[in-house]
Structure formats: C-alpha cells, structure tokens
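Inspection log for the structure reproduced underneath, given as structure tokens.
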Amino acid sequence: MALRSAAWYAGDDRNAYIHRAWMRRGVPDKAFERPQIAIANTASDLTPCNAHLGEVAQSVKNGIYEAGGIPLELPVVSLGETNVRPTAMLWRNMAAMATEEMLRANPIDAVVLLGGCDKTIPSLLMAAASVNLPALVVPGGPMLTGTFRGVPLGCGTDVWRLSEEVRAGTLSQADFLKSEQATIRSPGHCNTMGTASTMGLLAEALGTVLPGTAGTPAPDSRLKVAAHESGRLAVELVTAGRRPSDILTRASFHNAIITLAAIGGSTNAVVHLLAIAGRLGLDLTLDDFDRIGSQVPLLVDLAPAGRFLMEDFHRAGGLPAVLREVRDLLDPAGLTVTGRPLVDYLDDAPIWDTEVIRPRQEPLLTEGGIAVLRGNLAPSGAVVKPAAASAHLLQHRGRAVVFDSIEDFHARVDDPELDVDADSVMVLRGCGPKGYPGMPEVSNMPLPKKLLEKGVRDVVRICDGRMSGTAYGTVVLHVAPEAAAGGPLALVRNGDWIELDVPGRRLTLDVPDSELATRTPSTEAAAAYAAPQRGWQKLYVDHVMQADTGADLDFLTGSSGPEVGRESH
Ligand code: FES
C-alpha cells in the first residue's frame, strides 16, 4: 500500500531526512512507514461545547496506535457559538478552508474529525470533502440534562423561553439569573435538537461516523469507546482507500435529508448540507430538501419544538431507532465509513421509550421536513420549519412591520408606538451572508413586549438570516437573494401586505410589479449596510454565495483533492 505520507518520509535523501528528523520525538524508524492519521481537533477553552475533546482525542490515539497507525493531533480553527462575534457563521468557511489546507499541506494519510458545537462539524466535513483524504467524524456529543427547580432545562431553547417570560412579566429577573448556573450541567454541546445535535446525527446519516455512536452524551464512557474504535477504523480507511467521495454521495445526502425531517432537526442543516455537497461538486439543491424530506413523518419529540432532550434521545435508542422506522425511505446505496451501507445497521435498533422516539404509525407530525417557499419575495427560495411553527399561521396574510437591521429591531421592538398587532408580519433584513455579514441567527425575532403582554406568543416573521436550531416559531428564513444582494426583501415597506402559504409553498409580497419596479431600497437599509474593507470579512463579502447554495465562498466549491504540494527544501 503506497502511503501519501511517503512523499515526505520515504527514501534516504536529505529532504526525507529533514521530514523524519523533526518528527522523530522518540518514535522508531518503522513509524514513518505506517499510516499517519491526523486528529483534527476543535477543542478550545473558548468553545466550551468542545472543551472535552482533548480527552476524546486520547481515546482516538489509543485506537490508532492499536491498529498500527501513528496519531498526530492537529488543532484546527474552533468556533464557539456563544462567544464568537459578530456570528460564528462568518467564520465557518474560514475554518473549513484553513482545515482543508492544513490537511493537504501535511504528511497525512487519513483524518479523524473531532467536532461538536454548531459550526465545527460542518466546517470539518467541508474541509474533508474538499481534500478527500480518508476521513471520519467523532461527534463530541451533547451535554447532560440540566434541571432548575425540578424541571429539565434545555440549553438554548429554555434561555429564549425564560427571557420571554421575564419580558412578559411572568418570571422575576432574579429567578431568571438563578437558572443560569443550572443550564450547562456537563461537558458537551447543546442538548436540544439544535444545530450541534442535528449535525452530529446527520454526520452519521451521511455515513461519516461509526454507525450507532452519534448522539452519545459527552460524559458517557461509551463515547470514549466510540472514539477508540474510530481511531482503529481510520487506519482501516487508509488500507481500504475509502475516501469522503466514496461515502458522501447523492444517496447519503438523500439519507441525511430523510433523517433531518424524522428527527425534526435544525434549519441550519440545510445551509450546511448544501455547502458540504458543494465541496464535492454534487448537484444538491434547496428543492431537494422539500422534495425528499417534506413528507417524512416527525418521530422525535425533542426540544425546541418538543418535550425531551438529547440524553433522553440516546436512552430511547438514538438515531438507529429512528432510522429503522423510516428504513423504507432510506437509500440503501448510502455507504458508511465501515464500507457497509447505513441500512445494514438497523436490524437491531429497538425504540426503548416511545414517548421520546415515536413508532412510524404514531408520528408527532405526518410531515416533519423543511418546506421551501418561493414567490416574488424570495425568488431563489426561503425555508420554514412547519414543525416549529404555529399551525394557525401556516396560511396567513398580514401587514409588514419592517426592520432594517438587528440594531434597528432592538431599538424599536418595544416602542409602545410601534404599529404592530397579532396579525402583523415582522420583516427583518440586512441579516444575510453579505448584509450582516455572516448570516447570523436572528430571524426568530423576540416579539414586541406589547404583544407578549396580550398573550401573543407567535407571529409570522420573515428574515434573510438564519435561526438558532434551539429556537421555534413561525419564522421564514434564509430568504434569497438577501436584501443586501439586491433581493426584493429590500423593497418591502411598512404596511405592505404579505401572504404566507406554507401548504402552497408561496411567499408573496402583495404589491404590483409595476409599483415594485419604481421602488428603491430604503435609505435606512442602505445606511445599515457598510461593506467591510479589509481582511477575511472583505474576502467573505466579495465571494460568499447566497443561502440557497450553502453560503460557501464561490471559489471553494467543487472537489479539489489531496494533491501533494511542491517540496520547499
Ligand atoms: Fe455550542 Fe450550542 S453553543 S452547541
């Protein structure tokens, strides 16, 4: 078996001497003839959801050694969702690009990807898809369930809920602050079916995780067993020559879309899956999510829309139990990193708690997937998650209340004079990939205080940004093209009628074309948009694509491969 790393280490010349000498660190000569396995590790104290990945990496190393490989830990760009400003999404493509380039630049034969917090698994998979070295993911796993006053706390989701309760006057500020210490009970990522949980599970549905291990809670010792076995498997991937392009096929994305619907996963997964597919040059489109996934039953009763948390999900049987229920909808051609199809792992996958994971005959909703909307307000598409929306708002006509930026929204939302009622349609623009920049999770705008005080808990909201996977509500998001890219969202004015028709998949600005043709974007919207002039932000804004194609940079799409670079000595 010819190893890629031999291009650095093989031979008796001066350059091979240099490459080996600096990497000896006490290893024997034979070490340079073994598979060199990188562990791309997103552990960071500033990414608290991934802070435990150093321990996980140790188990991966043990497995790699045991199988005859050499483990090499590679710290890569890490994005902590709660810390990174202006939004972690601004840096996803940078993290993916940096990881891709470091994998390609180094003497590496395969890579184990350690991620957890929202953007880390997407960026790692985008990188692995681009460099196409044998790769597999070890998801870092969710945190354990926190409790406050005897009631479970879902991190993220319950923060939104509790803060809305304070604004509505039904919870004191002091009690709200007391709950802060109870929210994060253990290492791990958010424990709702938010983006991190969704992407960990979808990584398995895509075939890139050791089957049956995604969703294992971070403190559970079985995660270390999975990490150890994944280390062993990484060495086997080299021997088998099994690469991401063999695993990440149309069939595996089909399976991921089915899974996304069945688990009621985050809308962010749409953007991430499109970006990963784009890195492989696969023709996955926004409409595939509606066509493949919208009719799939929702089987998992997890927050933000449901009752339980990831610890319950794992106890109830986890992803294999869900997939067994929808086995007939899966594409049997979808392979996993073991070389066997995903569907091969579903025979012994019972549901242990049918309250958490419903049998196929008793779904929470018969149609759990993402709906893709089009119309004169979203010519390139927008998405809505009906499972997280209010049933009475899925067909709705109301007058627009427009905000030109998130700052404009915060400044005016609680103004008693704001002309808004329960039938209004709140519109927030300037939050797309270019406009913010970075497409932040602001689409689930908190409701105006005066509506909360009247008992209103949901109104239709429309935005060109994203929504946290831990949020809920009747929120139309990822509107494309975004306002800052010349989309018609920039032309909406206060009082315009907007019609949302989720069953009909339409989003309509009820203003005649003739009048729209005379409108120009508001001066307030233009003023809110200041194009970055330097650094990553300028590169990003100059090259980022719209949400309907994954918001990747235009020059990073298409497969590239593990080419060995020129010798520099
Ligand atoms: Fe990291 Fe939620 S903040 S997963």
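First listed ligand is number 1; within each ligand, the first listed atom is number 1.
- Of the charged side-chain nitrogens involved, none lies within less than 4.0 Å of a carboxylate oxygen, so that Arg429 and Asp464 do not count as a salt-bridged pair.
- Here is the list of ligand 1 atoms found below 4.0 Å of a heavy atom in Ala196: 4 (S).
- Screening Thr195, Asn268, Asn444 against Arg466 for a side-chain hydrogen bond (donor to acceptor under 3.5 Å, both in side chains) leaves a single residue, Asn268.
- The Thr82 neighbourhood of ligand 1 comprises atoms 3 (S), with distances under 4.0 Å to a heavy atom of that residue.
- Each of the atoms 1 (Fe), 3 (S), 4 (S) of ligand 1 lies under 4.0 Å from some heavy atom of Cys49.
- Ion pairing of Arg167 with Glu164 is present here, as a side-chain N (NZ or NE/NH1/NH2) and a carboxylate O approach within less than 4.0 Å.
- Heavy-atom proximity to His189, at under 4.0 Å, picks out these atoms of ligand 1: 4 (S).
- Pro448 has its side chain within reach of Met426: a pair of non-hydrogen atoms, C-beta onward, lies under 4.5 Å apart.
- Atom 2 (Fe) of ligand 1 has an N, O or S atom of Cys190 inside 2.8 Å of it.
- For ligand 1, the atoms sitting less than 4.0 Å from at least one non-hydrogen atom of Glu81 are 3 (S), numbered in the order shown with element in parentheses.
- In the candidate list Cys155, Gly200, Cys117, Ala88, Cys117 is nearest to atom 1 (Fe) of ligand 1, counting heavy atoms.
- Sequence neighbours left out, the pairs with a member in residues 40-59 that pass salt bridge (charged side-chain N to carboxylate O under 4.0 Å, His left out) are Glu55-Lys224.
- The salt bridge (charged side-chain N to carboxylate O under 4.0 Å, His left out) analysis of residues 256-279, with sequence neighbours excluded, yields the pairs Glu100-Arg279, Arg279-Asp552.
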